[in-house]
Amino acid sequence: GVVLLVAPNERKVRIAVGYGLESSLPDDLCRAIIDHSILPRFRAGDFPGGIASGTDALLRKLQATS
């Protein structure tokens, strides 16, 4: 499984990947999704958009590897 954790008050975002998906979602890819899909929207004040964009990027990658 995958968990997208957003703690806005602490200004933290994390993608946690379970053992079965480590090869499909390596740490460097998760960092890129955070940096390029989630954080730009968060910085613009669009938290729902950042979450949706990050989720979409994760789903696209998982669909491409299945």
Side-chain angles (χ1 to χ4, degrees):
V2 179
V3 175
L4 173 59
L5 177 66
V6 178
N9 292 339
E10 290 79 21
R11 300 179 58 106
K12 303 279 183 184
V13 178
R14 179 158 187 230
I15 297 173
V17 179
Y19 291 115
L21 295 175
E22 288 178 326
S23 62
S24 299
L25 296 171
D27 290 341
D28 59 335
L29 175 66
C30 291
R31 173 53 37 198
I33 290 171
I34 291 170
D35 290 344
H36 300 292
S37 297
I38 299 173
L39 290 182
R41 300 260 180 122
F42 282 9
R43 289 184 181 121
D46 182 12
F47 285 93
I51 292 168
S53 179
T55 302
D56 289 344
L58 288 166
L59 289 172
R60 277 192 306 273
K61 178 59 179 171
L62 290 174
Q63 290 171 343
T65 59
S66 64

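One-based numbering along the sequence shown. Heavy atoms only: backbone and side chains are in, while hydrogens, waters and symmetry mates are out.
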Legend entry - All side chain to side chain contact (heavy atoms under 4.5 Å, CB included) counterparts of Thr65, not counting sequence neighbours: Ser24, Lys61

Legend entry - Reported CG-to-CD distance for the pair Leu58 and Gln63, which is rounded to 0.5 angstrom: 11.0 Å

Legend entry - Euclidean distance, Asp28 CG relative to Ile33 CD1, rounded to 0.5 Å: 10.0 Å

Legend entry - Closest non-hydrogen atom pair, Ser53 against Ser37: OG-O, 3.1 Å

Inset, instruction - Locate the shortest heavy-atom distance separating Gly49 from Asp46; write the atom from each residue and the value. - result: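 Nearest pair, atom of Gly49 first, then Asp46: N-OD1, 2.9 Å.
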
Legend entry - Enclosure of Asp27 CG (heavy-atom neighbours >12, cutoff 6.0 Å): no

Legend entry - Cluster overlap Leu21 with Leu59, hydrophobic side-chain contacts below 4.5 Å: no

Inset, instruction - Just grab all the ring pair (Phe, Tyr, Trp, His ring centres under 6.0 Å) pairs involving residues 31-57, residues at least two apart or on different chains. - result: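 The answer is Phe42-Phe47.
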
Inset, instruction - For the pair Val3 and Ile15, evaluate side-chain contact (heavy atoms from CB on, under 4.5 Å) and give the outcome as yes or no after the intermediate values. - result: CA-CA 6 Å; Val3 175; Ile15 297 173; over 6 Å; no

Legend entry - Member of Ile51, Val13, Thr55 meeting the side-chain contact (heavy atoms from CB on, under 4.5 Å) criterion with Ile38: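 With Ile38 as partner, side-chain contact (heavy atoms from CB on, under 4.5 Å) holds for just one option, Val13.
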
